[in-house]
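Just below is one structure, and these are the notes that go with it.
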Amino acid sequence: MSGLLSHDPGADPYVPGHGDLSVDVLSYDLSLDYTVETNALAGTATLRLVARVPLSRFTLDLYGLRVTRLTVDGAPAAKYSQRPGRLVVKTRTPLAAGQELTAQITYGGSPRPVPGLDGEAGWEELADGVIVASQPHGAPSWFPCNDRPSSKATYRVSVTTSSQYRVVANGLLTGSRRRASTTTWTYEQTEPMATYLATVQIGRYVERVAEPAPSGGGVRMRLVFPPELTAQAAATFARQGEMLDAFTRLFGPYPFPEYAVVVTEDALEIPLEAQGLSIFGANFLAPGWQTQRLVAHELSHQWFGNSLTVAHWRDIWLHEGFACYAEWLWSQESGGPAAARHAAEQWARLAALPQDLLLSDPGPAEMFDDRVYKRGALTLHALRVTIGDEAFFRLLREWVARFAYRSVTTEDFVSLAEEVTGASLRELFTAWLDVRALPALPGAGETGESDGAAGTAGTTTPSVPPATL
Ligand SMILES: [Zn+2]
């Protein structure tokens, strides 16, 4: 049995019709040829897969691109068929659970974003280049994949395009070969990565490499940007090395060998994270807290979201709540208001909003609702006040270390919190995660004074507008 149901719900109700639970992909090797002017993509994808159950067919996700050839272990597949968003492959012989196979798929067309319950995502043309922003369902816009966050794989991505452009993808640049008018850029991502975090950025960019931060573990930081934005980009990301230092101290070692930031010439609605890099629109190049909190937010996703990735989208607070709390921690680290001050303000804001959202299962339409971010961060703050700073940061570091590069669930975090503290914390987590009404914020009475923040009444801290990152 393939595990496929006739109505093909896919693997995750938040992204219906995507993903196949009957197989895992171990590695993707993508060779892409792309022409920016015509948005023409021609690719060969080599996927190493393993069957999780006995099967004779499996399903991949591929949107708006046509497959012209498909082999399994070097021989033509028994049969393959494409229907919107899906590529069904029948193997010549049944596979046992645990058996591996290699599928090679030649495909092409004009890539475009994939529509979904939360808007469009995926490969998108810029004024002069490409951005790939796939969270949560856009990966099939550019390569055949098993599009569920719980299937993490290694990647090798090779992109050939006009030499006028620079190409950035996940992982380390292992080669750039220039021919007459084109250059082939090859990147390798050896730490497991979820499909939605795979990305390609193409633009007329230059690159500046920042010195590793003193205690950041020697992590190389690359800044990739249009040359006319050199000064603004340098100023906006000037403190990123310090952030990396602070987060390394608070959360544990940075999980990947490098961190890159790509600045697009185009304005973007929101900055966004991919594995090992983040993408900011030119409109985010500005000094001040409103930008710095986003720089911190995206960087922190490398720990919370990219190394540790939710197994199911309903647990999205494990990404966004933690990244939002990282903003508040950076605020304090950089001499701004303490996390407790941000918590008190955001608690007051949420208390005035409709309390109809369940943090443990917000639903696909609300998964990037600002309340998921803020209540997620407040859950962590409530936990911190309850168990104390020493246990709280020990828990964060243990969370990051024990589940590095793996898929995680809310239950994993709750269980670990109880294990690390030896305390029963179910009641606290139930109130914050599984009940719609906003619980009281523990320690709220003393926050103003104890964190050195001047009285909270009449605060001048800029209010934080809703954002989806
Ligand atoms: Zn985020």
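Whatever order the structure lists ligands and atoms in, that order sets their numbers, starting from 1.
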- Task: Identify the heavy atoms of Asn146 and Leu60 that sit nearest to each other, and give their distance.
- Result: N-CD2, 4.1 Å

- Rounded to 10°, how big is the angle at the Zn ion (ligand 1) from Glu320 OE1 to His301 NE2?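 That angle works out to 100° after rounding to 10°.
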
Using 2.8 Å as a strict upper limit, say whether an N, O or S atom of [X] approaches the Zn ion (ligand 1) that closely.
| X | result |
| --- | --- |
| Cys324 | no |
| Glu298 | no |
| His319 | no |

Side chains of [X] and [Y], donor plus acceptor under 3.5 Å:
| X | Y | value |
| --- | --- | --- |
| Thr410 | Trp317 | yes |
| Thr409 | His312 | no |
| His297 | Glu273 | no |

- Task: Indicate yes or no: does Arg394 engage Glu398 in a salt bridge with an N to O separation below 4.0 Å.
- Result: no

- Item | Atom nearest to the Zn ion (ligand 1) - His297, N, O or S atoms considered | NE2

